[in-house]
2 protein chains.
Amino acid sequence: MGTMAFDAIETPFAKTDKIIGGSATYVAYAASNFVQPVQQISIVGNDFPLEELQALEQRGVKTEGVEIIPDKKSFFWSGRYHLDMNSRDTLVTDLNVLADFNPNVPESYQGCEFLMLGNLVPAIQQKIITQFKERPKLIVMDTMNFWIETAWEDLKKVITMVDVLLVNDSEARQITGEYSLVKAAKKILTMGPKFLIVKKGEHGALLFHADNVFVAPAMPLDEVFDPTGAGDTFAGGFIGHLAKTKDISFENMKTAIIVGSAMASFCVEKFGPQRLKEITKEDIAARIQEFVQLVNFDIALV
Amino acid sequence: MGTMAFDAIETPFAKTDKIIGGSATYVAYAASNFVQPVQQISIVGNDFPLEELQALEQRGVKTEGVEIIPDKKSFFWSGRYHLDMNSRDTLVTDLNVLADFNPNVPESYQGCEFLMLGNLVPAIQQKIITQFKERPKLIVMDTMNFWIETAWEDLKKVITMVDVLLVNDSEARQITGEYSLVKAAKKILTMGPKFLIVKKGEHGALLFHADNVFVAPAMPLDEVFDPTGAGDTFAGGFIGHLAKTKDISFENMKTAIIVGSAMASFCVEKFGPQRLKEITKEDIAARIQEFVQLVNFDIALV
């Protein structure tokens, strides 16, 4: 569940007109490599290209839960990245259809085992959870600084209802008031989630669970062409791997984080979800092997 | 080879009067856990406590190459760390004895196989190298932004003479004008060194060699008490492991980086080299095992 939208993106090196974006788009493109069907919940306007929905359908992404509003436009976001490709300025946010988003889980989606809540109004994330007659086996939730600042009470409530919280480093600090990510993680793990993933962009990601920590690097790349959607793609690879293996142990989540990191490393190579549309299972397997090489060392040499 | 000095340190949480510091001090404390003798080259004034030199001697650190100037004071640095513990302001730099430092490699040091050039005037680093009748098997060199800005021609020359260059991420960018660390590394590897280590503080370190990359995380810590000397301690652990194993392959350098990272993670736990004086071989072995846990994942689960 998340947004399907248009983005216009400026980086220090290039610029696009409106292209397809949205958290649910990236999650679906990433996750559908590992598990099918993916059951999408989102909302679009009359300007959203039908062939984009069809392209997703062909990858095993169900779109029954994607509401199409005939007399409105799709959510539109425009932003400009700074030279570090980590920070950005928002230029335009046109909510359009998103202003009235009040999703209903289709009957055919009942029984879903792995629920990914993309970044959205916390009250809507909560509504989705409660619409499942049987609680999904694993609920993963993304959020952002905007909701921490404007809807903290609602957000705090949803956080108690999920298994895995996904935030970036500054959001983990903002939620807890702790500068140390280890201390921040300890606090967040008392707020509901059993697992916390802290995304650090080019510096990788951390997974916290009880007293365990796992660190995954980001793939060092010649060039980050467009970071838009990298976090959502990471989330899609992460939950896609878990859904494929049906194993929600800490050990398997470590591997899921590597899979998510590999997917994110593709995402940033081109504008929007373009690169995710091109890559094959072989590309993905090769990239995951590169991650093994990247972090592997021989402890016997110590 | 490097400085032995006094530091006065302020962090957001605590403050010291003058304590022992200097790059060569940290390197020696770290390296002497893995290889003895360590042959120190440095310079101190009449205010440097003899018991500090004795404490190093007891750890197998030879101090014949540490010149003691009877009528001058030791190098003194004072700085204040910002809240992120990564950036800092220099409050005082009293060169004192360092202004006249013109080291001579003692005869008894000839035949040295592993040379660590701590951060210092590039011309002095070069002088040390040329004083060895037989080139050491491996020369590792640290430097900093100050020399990039004020002694670039000299620095460029020394860089051609070493095997491993050790810089932080902003220095790698400054040397090459490349924002991407991968592109920066490719350029630096054409300037002389066969290996480049990019230190990223709390985000770990990268090792580049030909087309190979290795990423090591930093240990996520509850608290970084004092980051002073962490980079030098990393260097000491790194070259200490290489000197112990006498294996300068890329594979073994990966392990050396983990050893260096483990040593650095101790260094930041207390002010100055205090924690490095306390730890045992068992502490070090346990910390290295924690690193294995931190990055290890089961590829068979993919």
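Labels below follow one simple rule: chain letters A, B, ... track the order of the sequence lines, proteins then strands, and each chain is numbered from 1. FYI, side chains are in, hydrogens and waters are out, and symmetry mates aren't considered; it's all heavy atoms of this structure. Model, not experiment: these values are computed from the prediction.
- With respect to chain B, the highest number of heavy-atom pairs below 4.5 Å among A:S180, A:A256, A:A184, A:A185 belongs to A:S180.
- Interface check for chain B: of the options A:D84, A:L181, A:I257, the most heavy-atom pairs under 4.5 Å are formed by A:D84.
- Atom-to-atom distance recorded for A:D169:CG and B:E202:CD is 7.5 Å, nearest 0.5 angstrom.
- In this structure a side-chain-to-backbone donor-acceptor pair under 3.5 Å is present from A:K254 to B:N296.
- Summarising the geometry of A:V182 relative to B:D222, their closest heavy-atom pair is CG1-OD1, 2.9 Å, with the distance given to 0.1 Å.
- Residue B:K187 places its NZ atom among more than 12 non-hydrogen atoms of other residues, nucleotides or ligands, all under 6.0 Å distant.
- Looking at B:L294, both its backbone and its side chain come within 4.5 Å of chain A, counting heavy atoms on both sides.
- Residues of residues 265-287 of chain B lying under 4.5 angstrom from chain A, judged on non-hydrogen atoms, do not exist here.
- Ring geometry, A:F297 versus B:F214: the interplanar angle exceeds 60°, so the pair is classed perpendicular (tilted spans 30 to 60°).
- Open room surrounds CG on A:D211; 12 or fewer heavy atoms of other groups in view lie less than 6.0 Å from it.
- Using a 4.5 Å cut-off between heavy atoms, B:L206 touches chain A through its side chain atoms alone.
- For NZ of A:K246, the number of neighbouring non-hydrogen atoms (other residues, nucleotides, ligands) closer than 6.0 Å is 12 at most.
- Partners of B:T190 under the side chain to side chain contact (heavy atoms under 4.5 Å, CB included) rule, at least two apart in sequence or in another chain, do not exist in this structure.
- No other option in B:P220, B:G204, B:A218 has as many heavy-atom pairs under 4.5 Å with chain A as B:P220.
- Note on B:V292, B:V295, B:N212: by heavy-atom pairs under 4.5 Å with chain A, the leading option is B:V295.
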